[in-house]
Amino acid sequence: MLIRIIWCKEREENINKIIDEIWCKVEVIWDKEKNVIETLCRALDTDKDVIILEDDVELCNNFLEKAKAEIKKHKGCFIMFYNANAAEIIEYDDENYIWSRVWTQAYYIPKWVAKGMAEYVKNDTEYSPLGRYSNPMYQYLEKCWIKMHLVKPSLVQHLWFWSLIPWHEHCNHYSRKFKK
């Protein structure tokens, strides 16, 4: 399994902290062109299972161990390790499968999903120019009938109030369900 971090230079200090906490090989996918869609698609370009982390998260204690346990319990699911606004989430049964939103701060993608998702996000003409990738990611999962699982409590916390993505610069997604 790969672990990839989507990185922009402005958050280098936090990236180094995340790498130190994970204690295993991590691939850093640089945002070379200030283009979040292009960077995400490079992170998704794999035939392996992948955990993707954004550069503005804080990990819980023993993050990797907890993430692997969730992956083992929910085989074949797109797994989100972060959740914030419960009002935006619809839950089904006791399995916490959701069908309303994709949280992109930290997530797991099964190997058979990643490349197809990259192509779908790259070719999405409605959202790609805006750098909004959570919407086409969700649409791809829904279109392909891929189950989603939301981990509670959150295994990561979103750190900054401000975003480096222009359309998202004043959003504050802060989880009240995070335990270090």
Side-chain angles (χ1 to χ4, degrees), residues 1-11 15 18-19 22 24-57 64 67-68 70-84 88-90 92 95-151 155-156 158 163-169 171 173:
M1 175 175 23
L2 296 175
I3 301 174
R4 291 183 166 170
I5 302 173
I6 298 174
W7 181 15
C8 63
K9 284 187 175 266
E10 291 86 349
R11 296 195 173 138
I15 293 298
I18 291 171
I19 291 170
I22 290 181
C24 72
K25 185 176 178 186
V26 175
E27 290 183 40
V28 177
I29 309 299
W30 290 72
D31 184 353
K32 298 175 183 175
E33 303 170 10
K34 294 288 185 201
N35 181 332
V36 69
I37 297 292
E38 189 273 337
T39 305
L40 172 70
C41 290
R42 283 190 292 117
L44 293 171
D45 188 17
T46 181
D47 291 322
K48 297 181 180 179
D49 294 346
V50 62
I51 293 175
I52 297 180
L53 304 169
E54 290 187 355
D55 59 8
D56 59 350
V57 296
L64 195 52
K68 286 181 177 180
E70 291 291 334
I71 292 165
K72 188 175 181 179
K73 282 194 293 189
H74 303 282
K75 292 187 186 321
C77 289
F78 176 89
I79 301 173
M80 293 166 281
F81 302 117
Y82 171 82
N83 68 82
E88 295 178 300
I89 295 164
I90 300 169
Y92 295 93
E95 297 298 319
N96 296 325
Y97 294 118
I98 66 159
W99 299 101
S100 63
R101 173 142 192 167
V102 170
W103 292 105
T104 58
Q105 284 72 16
Y107 49 96
Y108 163 81
I109 302 178
K111 61 184 167 190
W112 53 275
V113 174
K115 278 193 181 272
M117 181 179 280
E119 283 303 309
Y120 189 86
V121 170
K122 189 184 319 178
N123 295 318
D124 182 76
T125 56
E126 182 178 359
Y127 293 106
S128 292
L130 301 173
R132 296 182 75 160
Y133 54 84
S134 61
N135 292 338
M137 287 174 73
Y138 165 73
Q139 291 166 356
Y140 180 79
L141 294 168
E142 185 179 50
K143 174 183 152 210
C144 296
W145 291 86
I146 298 165
K147 290 184 179 181
M148 295 182 279
H149 174 70
L150 180 67
V151 176
L155 301 185
V156 302
H158 195 221
S163 175
L164 297 174
I165 303 170
W167 63 267
H168 201 224
E169 61 196 3
C171 295
H173 296 297

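These values consider heavy atoms only, across backbone and side chains, with no hydrogens, waters or symmetry-generated copies.
Side-chain contact between Leu64 and Cys24: present, with at least one pair of heavy atoms (C-beta onward) separated by less than 4.5 Å. For the pair Asp47 and Lys111, the minimum side-chain heavy-atom distance is 4.5 Å or more. With contacts defined as side-chain heavy-atom distances shorter than 4.5 Å, the pair Val28/Asp55 does not qualify. No side-chain heavy atom of Lys25 sits less than 4.5 Å from a side-chain heavy atom of Ile3. Taking the side chain as every heavy atom from C-beta outward, Tyr138 and Met148 approach each other to under 4.5 Å. You'll find the side chain of Ile146 stays beyond 4.5 Å of the side chain of Met117, heavy atoms only.
Checked against Leu40 for a side-chain contact (heavy atoms from CB on, under 4.5 Å), the options Lys122, Glu54, Met137 give a single hit: Met137. Residue Tyr108 is tested with Met1, Lys68, His149 for a side-chain contact (heavy atoms from CB on, under 4.5 Å); the sole match is Met1. The only member of Ile52, Val57, Val151 that meets side-chain contact (heavy atoms from CB on, under 4.5 Å) when paired with Phe81 is Val151.
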Worked check of salt bridge (Lys or Arg N to Asp or Glu O under 4.0 Å) between Arg42 and Glu38 | CA-CA 6 Å; Arg42 283 190 292 117; Glu38 189 273 337; 2.7 Å; yes

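With values rounded to the nearest 0.5 angstrom, Leu53 atom CG is found 11.0 Å from Thr104 atom OG1. One distance of note links CD of Glu70 with CG of Leu155; it measures 6.5 Å at 0.5 Å rounding. For the atom pair CD1 (Ile22) and CD1 (Ile51), the distance works out to 7.5 Å, reported to the nearest 0.5 Å. Rounding to the nearest 0.5 Å places CG of Leu44 at 4.5 Å from CD1 of Ile109. Rounded to the nearest 0.5 Å, atoms CZ (Arg4) and CG (Asp45) are 7.0 Å apart.
Taking the six-membered ring where the residue is Trp, Tyr140 and Tyr120 present tilted rings, their angle falling between 30° and 60°.
In plain terms, the two heavy atoms of Lys115 and Thr46 that are nearest each other are CG-O, 3.4 Å. Of all non-hydrogen atoms in Tyr82 and Val156, the two that sit nearest each other are CD1-O, 3.4 Å. The two residues Cys41 and Ala118 have their closest heavy-atom pair at SG-O, 3.4 Å.
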